[in-house]
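Structure record follows, encoded as structure tokens.
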Amino acid sequence: MVTREYRTAREIIGPLILVEGVEGITYGELTDIKDPTGEPRRGRVLEVNGDKAVVQVFEGTSGLSPQDIAIKFLGKGIELGVSADMLGRVFDGFGRPMDDGPEIIPEKWLNINGNPMNPFARDYPNEFIQTGISTIDLLNTLVRGQKLPLFSGSGMPHARMAAQIARQARVLKTGEKFAVVFAAMGITFEESEFFIQDFRRTGAIERAVLFINLADDPAIERIAVPRMALTAAEYLAYEKDMHVLVILTDLTNYCEALREISAARKEVPGRRGYPGYLYTDLSTLYERAGRIKGKNGSITQIPVLTMPEDDKTHPIPDLTGYITEGQIIISRPIHTQGIYPPVDVLPSLSRLKDKGIGKGKTREDHADVMNQLYAAYARGKNARELAVVLGESALSDVDLQMVKFADAFENRFIRQGEEENRSIEESLNIGWELLTMLPRAELKRVREQWIEKYLPK
């Protein structure tokens with residue numbers, strides 16, 4: 001490993017240092033920066049052009065002047081020391097323990113940018129993951145190896161939902177090793193304590209690895225956090241044969257950090273000031289989910305992002321929707337009714353749900369019940385909106401039944417306790433009970449054999 005020291009810093013702009021006369025420097029390389037007091041600071045190469053390099057300083061550049069600093073290039077990128085002992089531990093954004101436990105003795109060091117997955121080696125996601133939340137399990141099924149984001153808004157209970165999924169999620173096959181890697185970016189100390197205490201209180205920490213980056217931590221650390229988490233997940237999945245669920249919250253804070261660094265580099269901004277490479281950058285995170293042929297382990301991702309002003313056309317949710325296989329949308333109107341979890345069923349979507357449900361995976365009647373509930377709820381909501389404009393007298397008897405069905409659906413199916421872990425059978429049974437509210441002639445999407453077998457008499 002080659003290390004070189006330079007005293008040729010020419011300019012300091014914000015968190016960036018321009019160094020001239022460099023040789024053999026690579027993008028992403030780590031640096032040590034010494035100021036006159038001898039206090040070291042860490043940095044990373046953001047750009048190399050000929051004999052010039054731009055270095056971003058993690059701790060900021062306050063108090064530094066170009067003529068007084070020495071910059072040593074370390075010849076390697078950011079690496080994470082991985083070991084099976086990471087389970088049950090809490091780390092900061094650079095992979096340093098922050099739970100008063102001992103240092104991890106690594107089995108190996110891995111570059112946090114990971115290795116590209118050969119598309120031909122990918123295996124198709126087709127196994128059901130039970131989250132214990134009916135609106136996800138029955139209507140927008142999560143499949144092992146999928147990327148399924150939660151689209152939320154500020155002040156909504158996405159943190160509680162993420163913690164509930166992390167506690168409850170499991171693969172239904174017995175004897176399968178399951179782990180959760182949880183990465184929090186730019187969150188407050190209060191939120192950080194909520195996650196850590198919730199994991200400890202429920203015992204979920206035993207099978208989890210937590211990476212926590214607080215709002216007052218450096219922006220560059222926020223960019224490293226999801227890559228740290230995914231590197232740990234890849235190690236557990238592909239070398240320890242575990243099924244790993246990666247929860248990333250909040251991707252909006254990550255994109256804000258990206259925008260901040262882009263502005264410091266004086267790059268031409270794209271939509272709403274975000275860098276033009278935002279799509280590419282997000283895809284380097286999301287595409288690290290999946291299954292590999294011949295390997296037992298897998299990585300399933302649930303990224304959580306808050307939509308500024310609840311706008312799903314904002315660049316972050318918009319680009320995320322192009323890369324991931326669906327989205328779970330958390331609704332403010334449902335939240336204001338006091339319903340938890342406030343999932344808006346109709347615009348939510350899991351593109352891989354058909355591959356993970358049915359006989360031998362969930363239950364034979366799953367697809368029919370899902371389609372019937374969805375259709376009846378959509379019709380009930382439309383009738384309810386019509387009644388607001390024209391009055392209830394304008395509705396037919398069937399429409400009135402559909403409105404009652406929609407109300408019951410929100411109160412009995414969507415509404416669920418924060419500690420309530422429903423099995424897929426329980427969710428299906430609740431669905432069948434709700435379908436008894438409808439006239440038999442309206443059950444057009446369910447096969448007669450399932451009506452005879454499962455509809456409560």
Side-chain angles (χ1 to χ4, degrees), residues 14-16 27-28 30-31 41-47 54-62 77-80 90-98 111-114 149-150 152 154 158-159 162 181-196 209-233 246-265 267 269-270 272-275 277-286 288 301-308 314-317 319-320:
L16 308 179
Y27 171 78
L30 281 180
T31 64
R41 303 190 196 192
R42 302 302 295 274
R44 184 175 77 124
V45 176
L46 276 187
E47 199 173 325
V54 175
V55 174
Q56 173 156 31
V57 187
F58 296 157
E59 293 87 352
T61 55
S62 60
I78 304 177
E79 293 180 329
L80 175 68
V90 185
F91 301 91
D92 69 5
F94 283 129
R96 297 172 295 220
M98 55 183 287
N111 189 306
I112 65 164
N113 293 311
L150 284 183
S152 185
S154 57
H158 49 268
V181 175
F182 190 94
M185 294 156 272
I187 62 171
T188 62
F189 179 75
E190 185 185 5
E191 283 178 298
S192 148
E193 281 300 291
F194 162 74
F195 285 126
I196 294 169
V209 185
L210 277 68
F211 291 87
I212 304 285
N213 163 268
L214 298 177
D216 61 346
D217 288 332
I220 186 72
E221 185 179 304
R222 205 154 301 148
I223 284 171
V225 171
R227 292 179 169 83
M228 288 275 174
L230 288 160
T231 303
V246 180
I247 297 177
L248 307 170
T249 180
D250 173 350
L251 254 300
T252 302
N253 294 335
Y254 169 86
C255 295
E256 299 290 349
L258 214 57
R259 179 162 69 174
E260 189 181 318
I261 290 165
S262 172
R265 289 168 71 177
E267 292 174 340
R272 303 227 188 163
Y274 292 96
Y277 50 81
L278 182 62
Y279 178 90
T280 312
D281 194 279
L282 286 172
S283 69
T284 62
L285 300 181
Y286 298 143
R288 287 172 79 174
Q301 269 188 34
I302 298 188
V304 181
L305 53 95
T306 48
M307 302 178 285
H314 185 277
I316 303 169
L319 296 176
T320 294

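What you are looking at is a predicted structure, and each value in this text was computed from that prediction instead of being measured. The chain is numbered in sequence order, starting from 1.
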query = Rounded to the nearest 0.5 Å, what separation is found between the CD1 atom of I220 and the CD atom of Q56?
reply = 4.0 Å
Test side chain to side chain donor-acceptor pair (under 3.5 Å) applied to T31 and R41, step by step = CA-CA 8 Å; T31 64; R41 303 190 196 192; over 6 Å; no
ask   = Does R259 count as lying over the ring of Y274, i.e. NZ or CZ under 6.0 Å from the six-ring centre, within 45 degrees of the axis?
value = yes
key: Heavy-atom closest contact (S192 atom, L214 atom, distance)   = CB-CD2, 3.6 Å
request  = Decide yes or no for F58 and D217: does some side-chain heavy atom of the first lie under 4.5 Å from some side-chain heavy atom of the second?
outcome  = no
Contact check, side chains of V90 and P97, non-hydrogen atoms, under 4.5 Å = no
note = Heavy-atom nearest pair, A162 first then I247, reads O-CD1, 3.6 Å
query = Just wondering, do R288 and R227 contact through their side chains at under 4.5 Å, heavy atoms?
reply = yes
query = So, for R222 and A257, which heavy atoms are closest and what is the spacing to 0.1 Å?
reply = CB-CB, 4.0 Å
ask   = Run the side chain to side chain contact (heavy atoms under 4.5 Å, CB included) check on H314 and M307 step by step: do they pass?
value = CA-CA 7 Å; H314 185 277; M307 302 178 285; 5.5 Å; no
query = What are the two closest non-hydrogen atoms of A219 and E260, and how far apart are they?
reply = CB-OE2, 3.7 Å
task = Test side chain to side chain contact (heavy atoms under 4.5 Å, CB included) on R96 and F91 and set out the steps.
result = CA-CA 5 Å; R96 297 172 295 220; F91 301 91; over 6 Å; no
ask   = Under 3.5 Å, side chain of T320 to main-chain N/O of I316, donor-acceptor pair present?
value = yes
note = So CD of E267 and CG of L46: to nearest 0.5 Å the spacing works out to 8.5 Å
task = Could you tell me whether the side chain of I302 reaches within less than 4.5 Å of the side chain of V246, counting heavy atoms only?
result = no
Side-chain touch V55/L16, heavy atoms, less than 4.5 angstrom = no
inquiry  = Determine whether a donor-acceptor pair (N or O, by modelled atom type, separation under 3.5 Å) exists between the side chain of E191 and the backbone of T188.
reply    = yes
request  = Please test I78 against L30 for side chain to side chain contact (heavy atoms under 4.5 Å, CB included), starting from the C-alpha separation and ending with a verdict.
outcome  = CA-CA 6 Å; I78 304 177; L30 281 180; 3.5 Å; yes
ask   = When rounded to the nearest 0.5 angstrom, what distance separates CE in M185 from CG in L248?
value = 5.0 Å
query = Do L210 and I196 come within less than 4.5 Å of each other through their side chains, counting heavy atoms only?
reply = yes
Aromatic ring pairing F195/F182, orientation class (parallel under 30°, perpendicular over 60°, tilted between) = tilted
From CA spacing to verdict: side chain to side chain contact (heavy atoms under 4.5 Å, CB included), L285, Y254 = CA-CA 11 Å; L285 300 181; Y254 169 86; 3.9 Å; yes
query = If you take all heavy atoms of V181 and A229, which pair is closest and at what distance?
reply = CG1-O, 3.5 Å
inquiry  = Using the side chain to side chain contact (heavy atoms under 4.5 Å, CB included) criterion, which residues pair with N111? Sequence neighbours excluded.
reply    = N113
inquiry  = Do E47 and Y27 make a side-chain contact, defined as non-hydrogen atoms from C-beta onward lying under 4.5 Å apart?
reply    = no
request  = Would you indicate whether the side-chain heavy atoms of L305 and T249 approach each other to under 4.5 Å?
outcome  = no
message = Please report the interatomic distance CG(L230) to CD1(I112), rounded to the nearest 0.5 Å.
response = 10.0 Å
ask   = Ignoring hydrogens and geometry, is there a side-chain-to-backbone donor-acceptor pair from E59 to R42 under 3.5 Å?
value = yes
key: Whether D250 side chain and T306 backbone form a donor-acceptor pair below 3.5 Å   = yes
message = Which residue in the set I223, L278, L319, D281 passes side chain to side chain contact (heavy atoms under 4.5 Å, CB included) when paired with C255?
response = L278
query = Looking at CG of L150 and CG of L251, how far apart are the two atoms once the value is rounded to the nearest 0.5 Å?
reply = 11.0 Å
Distance (rounded to the nearest 0.5 Å) between E256 CD and N253 CG = 7.0 Å
note = Closest non-hydrogen contact found for A183 with V225 is CB-CG1, 3.8 Å
query = Judged by atom type as modelled, is there a donor-acceptor pair below 3.5 Å linking the side chain of T61 to the main-chain atoms of G14?
reply = yes
